[in-house]
Amino acid sequence: MPVVVLKDVKKSFGSLQVLRGVSFSVDKGDVVALIGASGSGKSTALRCIDRLETIDSGTIDVCGYSVSDPNLDLRRLRLDVGIVFQSYNLFPHLTVEENITLAPRSVKRMQKAEASEIAREVLAQVGLSDKADNYPEQLSGGQQQRAAIARSLAMQPKVMLFDEVTSALDPKLTGEVLKVIETLAASGMTMIMVTHEMAFARRVADQVVYMHQGRVHEAGAASILTHPTTAELSEFISNDL
Amino acid sequence: MARVLEMKLDFTAILARWQMLLDGMALTIQLAVITILTGFLIGTACAIARRSKFRLPATIAAVYVELIRNTPFLVQIFVVYFGLSSLGFKFTAVTVAIIALTINVGAYTAEIMRAGFDSIHRGQWEAAECLGLTRVQAYWHVALLPAMERIYPSLTSQFILLMLASSITSQISVEELTAAANFIQSETYRPLETYIVIAIIYLALSLALRLAFWLLGMLIFPRRRRLGTNL
Ligand SMILES: Nc1ncnc2c1ncn2[C@@H]1O[C@H](COP(=O)(O)OP(=O)(O)OP(=O)(O)O)[C@@H](O)[C@H]1O
Ligand SMILES: [Mg+2]
């Protein structure tokens, strides 16, 4: 049973058509790596899945919700979908623990003690148990990104979306964030990750979706990264080396 | 030159009326504290309304803000004063003053708060939205404090201006500090000395208010306190 299904999704910003009919689906527990050149529409596709952008035509289904339905209860969709951005977006005036407990408390109406317990769990999961009382600006980029992942996980989503979460980090910090994502993948989380880390995609992804000029140009198992069939993917990969 | 040297300042008659000065000061402080609170609430509500994607509240807030910011306070206070009484309301002068000051400072606060909310990065709003927070919750939990932190100096100045502007309410015979001065100088025939004393009192009140806001800032921005950054 697929958890996320995109069918012929089209999306324009003004006269610029960014998505020109994107289709792919993600099964429960699968890890999908969304790759492609800059401007190919990866972020836009990801944002459409969480209804941060509305689509012009086509359909998107996520966890049984029809995302393109204008009457959709967005807050219910977002209980099931977690999203992490390149720029962390932690709340600067709240401690790491307060960042994490905010949504469980105000959206799920959890008691403080229960929310703190969840915060402890997710912080342990991302290896930040000792940073609960720190403010975001006291953390390194890699730690901030892991805290942002923990904040999403605290809502116990069914799908996680990652948009180039390591692009702002240097190689050492990238490694520690990727390790967290890899553990999450191993635990059976359904994930779609936009990434430029080809080695990581090859190792972790069950499915690779290569986008080119607003379309899915090639998709398949991670092996397409070593044996691409289209010239464009082949060139994209060789540029990356 | 010679005349200046001859000029003698005599404060005894004025300082003898300290009770009157004290009462005026108390009312000035009272007016300031109350209208800082009411003005902040109205200003914040209008800032949110003006940023709303709904046309009606946005337009109402915009009209209110521009109307107030483009007319003199003295005129506003007379409109409120005569307006309320022609509608049959029998409010005391102090109540009318509180209403007029609130309306006035609310409009200026709205613009300051709006700038604060506008300065919150789009990513913060999106993060709140993606976590399932409602718009109201995003304002309350995510935007309010960082916005206030950024515009806190302007807000402080605005509220000090408000306290000083409350002197205009003496025009509708509110017996605050300036009204006390007007009365004292007419009794003592020592206008210069009277207004020098009053100016010093206003100065002291302004400094005290500034200190109070600094202390309040330490309280509501704990991150600033912990990390030792200045406002
Ligand atoms: N809100 C927007 N308004 C107008 N144009 C936009 C908007 N968001 C994205 N675009 C444009 O859509 C195109 C695709 O953008 P998108 O961010 O999806 O690409 P991407 O594949 O994620 O690229 P990158 O690897 O650089 O992140 C780009 O040309 C971009 O300028
Ligand atoms: Mg992108």
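Side chains are part of it too, since the values below use all heavy atoms of this structure and drop only hydrogens, waters and symmetry mates. Below, chain A is the first sequence line, B the second, and so on; all start at residue 1. Predicted model only: the values in this text are computed from it and were never measured.
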### Task
Say whether, by atom type as modelled, one donor and one acceptor occur between the side chain of A:Lys108 and the main chain of A:Met155 under 3.5 angstrom.
yes
#### Entry: Max heavy-atom pair count under 4.5 Å with chain B, selected residue of A:Ile83, A:Leu102, A:Leu79
A:Leu102
### Query
What pair of heavy atoms forms the shortest contact from A:Phe85 to A:Gln145, and how long is it?
O-NE2, 2.9 Å
### Query
Donor-acceptor pair, B:Ser170 side chain versus B:Ser173 backbone, under 3.5 Å?
no
### Message
Parallel, tilted or perpendicular: which one describes the rings of A:His93 and A:Phe91, with boundaries at 30° and 60°?
### Response
tilted
### Query
Which atoms of A:Asn134 come close to chain B, meaning under 4.5 Å heavy atom to heavy atom: side chain ones, backbone ones, both, or neither?
backbone
### Message
Please classify the contact between B:Gln124 and chain A as side chain, backbone, both or neither, with a heavy-atom cut-off of under 4.5 Å.
### Response
both
### Task
Name the member of A:Leu90, A:Val84, A:Leu77 that forms the most heavy-atom pairs with chain B at distances under 4.5 Å.
A:Leu90
### Message
So which residue, B:Pro222, B:Ala128, B:Cys130, B:Pro146, ends up with the most heavy-atom pairs under 4.5 Å with chain A?
### Response
B:Cys130
#### Entry: Heavy-atom neighbours of B:Gln19 CD exceed 12 at 6.0 Å
yes
### Query
Between A:Gln138 and chain B, which part of the residue has a heavy atom less than 4.5 Å away: side chain, backbone, both or neither?
side chain
### Message
Within a 6.0 Å radius of atom CD on B:Glu175, are there more than 12 heavy atoms belonging to other residues, nucleotides or ligands?
### Response
no
## Note on the structure
Looking only at A:Gly82, A:Ser106, A:Ala154, the option with the highest number of non-hydrogen pairs under 4.5 Å against chain B is A:Ser106
### Query
What closest approach, in Å, do B:Met25 and B:Leu177 show between heavy atoms, and which atom pair accounts for it?
N-CD1, 3.9 Å
#### Entry: Portion of A:Arg76 that has a non-hydrogen atom of chain B nearer than 4.5 angstrom
neither
### Task
Please determine, among B:Thr134, B:Leu145, B:Val142, the option with the most heavy-atom pairs under 4.5 Å with chain A.
B:Val142
